[in-house]
Amino acid sequence: MRLGRGEKETGGRGKDSILAGCLEALIAAVYLDSGYAEAFRVIEGLYAPLLEEMKGELKDQDFKTRLQEYMQKHRDAIPRYIVTDEEGPDHAKTFEVVITIGGKTYGSGRGKSKKEAEQRAAKEALRSLQED
């Protein structure tokens, strides 16, 4: 990787944006030189172990699915997700969501997306329901 003197002095070799650009350029070069299949092989070699490792973690973090499964097994009600607050400019909003079941609030969550807020609320709702 070739860097200018100023970039070298400010730690450019460790900057995520520069490293990401280098990896992108490398993959593009492989694609242009050897085609899609070879570029895919390189990407798969780099990321397959990480994706496999994350697969179990992501399953454990899907609290909305876990809440739905819990409700189907233990209760005869459907959780309702309600956005109660949105703050900030469009490019940096924060959302607040509450979960109600049968009119009672069981959890709330905040996040930078509705999905993130819903996941946090579902996690709290699950904890609350399992303590009942």
Side-chain angles (χ1 to χ4, degrees):
M1 172 170 38
R2 294 177 124 182
L3 298 174
R5 187 170 41 112
E7 205 55 75
K8 285 180 189 175
E9 290 173 2
T10 60
R13 289 192 190 285
K15 288 185 180 174
D16 289 344
S17 59
I18 292 175
L19 294 170
C22 287
L23 180 59
E24 182 180 349
L26 177 68
I27 292 169
V30 171
Y31 172 74
L32 292 172
D33 186 61
S34 302
Y36 174 82
E38 189 62 22
F40 184 83
R41 191 185 68 70
V42 169
I43 293 167
E44 188 176 42
L46 290 170
Y47 292 104
L50 292 170
L51 293 172
E52 192 61 37
E53 182 180 314
M54 290 175 61
K55 195 186 302 182
E57 292 175 21
L58 294 175
K59 183 177 184 272
D60 291 343
Q61 297 299 312
D62 186 3
F63 295 104
K64 287 179 68 175
T65 299
R66 288 175 53 194
L67 176 60
Q68 190 69 30
E69 290 169 351
Y70 178 89
M71 295 305 295
Q72 289 173 353
K73 186 174 183 178
H74 299 286
R75 309 253 176 136
D76 189 25
I78 297 171
R80 193 165 159 229
Y81 295 84
I82 303 166
V83 176
T84 58
D85 192 25
E86 291 183 31
E87 293 178 349
D90 286 341
H91 67 281
K93 276 197 187 292
T94 300
F95 297 89
E96 182 170 353
V97 170
V98 297
I99 294 180
T100 62
I101 302 168
K104 181 180 174 187
T105 300
Y106 281 88
S108 66
R110 293 185 72 76
K112 293 191 182 296
S113 67
K114 289 179 186 175
K115 183 176 180 178
E116 182 181 334
E118 289 171 348
Q119 285 290 340
R120 289 181 176 167
K123 181 179 181 179
E124 189 177 299
L126 262 172
R127 190 178 307 124
S128 176
L129 286 163
Q130 290 170 343
E131 290 173 356
D132 280 353

- Task: For the pair Glu7 and Arg13, evaluate salt bridge (Lys or Arg N to Asp or Glu O under 4.0 Å) and give the outcome as yes or no after the intermediate values.
- Result: CA-CA 8 Å; Glu7 205 55 75; Arg13 289 192 190 285; over 6 Å; no
- Minimum heavy-atom separation for Tyr106 to Leu129, with atom names? CE2-CD2, 3.4 Å
- Message: I'd like to know if Ile43 and Leu23 are part of one continuous hydrophobic network [Ile/Leu/Val/Met/Phe/Trp/Tyr, side-chain heavy atoms within less than 4.5 Å].
- Response: yes
- Please answer whether the main-chain N or O of Glu116 pairs with a side-chain N or O of Ser113 as donor and acceptor at a distance below 3.5 Å. yes
- Message: Testing the basics here: between Pro79 and Ile101, what is the closest heavy-atom pair and its distance to 0.1 Å?
- Response: CA-CG1, 3.9 Å
- Least distance between heavy atoms, Ala125 atom then Leu67 atom: CB-CD2, 4.2 Å
- Among all residues two or more places apart in sequence or in another chain, which pass the side-chain contact (heavy atoms from CB on, under 4.5 Å) test with Lys64? Asp62, Tyr81, Glu118, Gln119, Ala122
- Message: Which heavy atom of Val97 sits nearest to which heavy atom of Lys114, and what is that distance?
- Response: CG2-O, 4.3 Å
- Are any of the side-chain nitrogens in Glu96 or Arg120 under 4.0 Å away from the carboxylate oxygens of its partner? no
- Any donor-acceptor pair under 3.5 Å linking the side chain of Glu124 with the backbone of Ser108? yes
- Item | Side-chain heavy atoms of Lys15 within contact of Thr10, under 4.5 Å | yes
- Task: Check the hydrophobic clustering (I, L, V, M, F, W, Y; side-chain heavy atoms under 4.5 Å; chains of links allowed) and say if Tyr47 and Val30 are grouped together.
- Result: yes
- Taking it one step at a time, do Ile18 and Leu3 satisfy side-chain contact (heavy atoms from CB on, under 4.5 Å)? CA-CA 10 Å; Ile18 292 175; Leu3 298 174; 4.2 Å; yes
- Closest approach of Ala121 to Gly109 (non-hydrogen atoms, all atoms of both residues): CB-N, 3.6 Å
- Inter-residue atom distance Gln68.CD - Phe63.CZ, 0.5 Å rounding: 15.5 Å
- Item | Exercise: identify the closest heavy-atom pair between Pro49 and Glu44 | CD-O, 4.1 Å
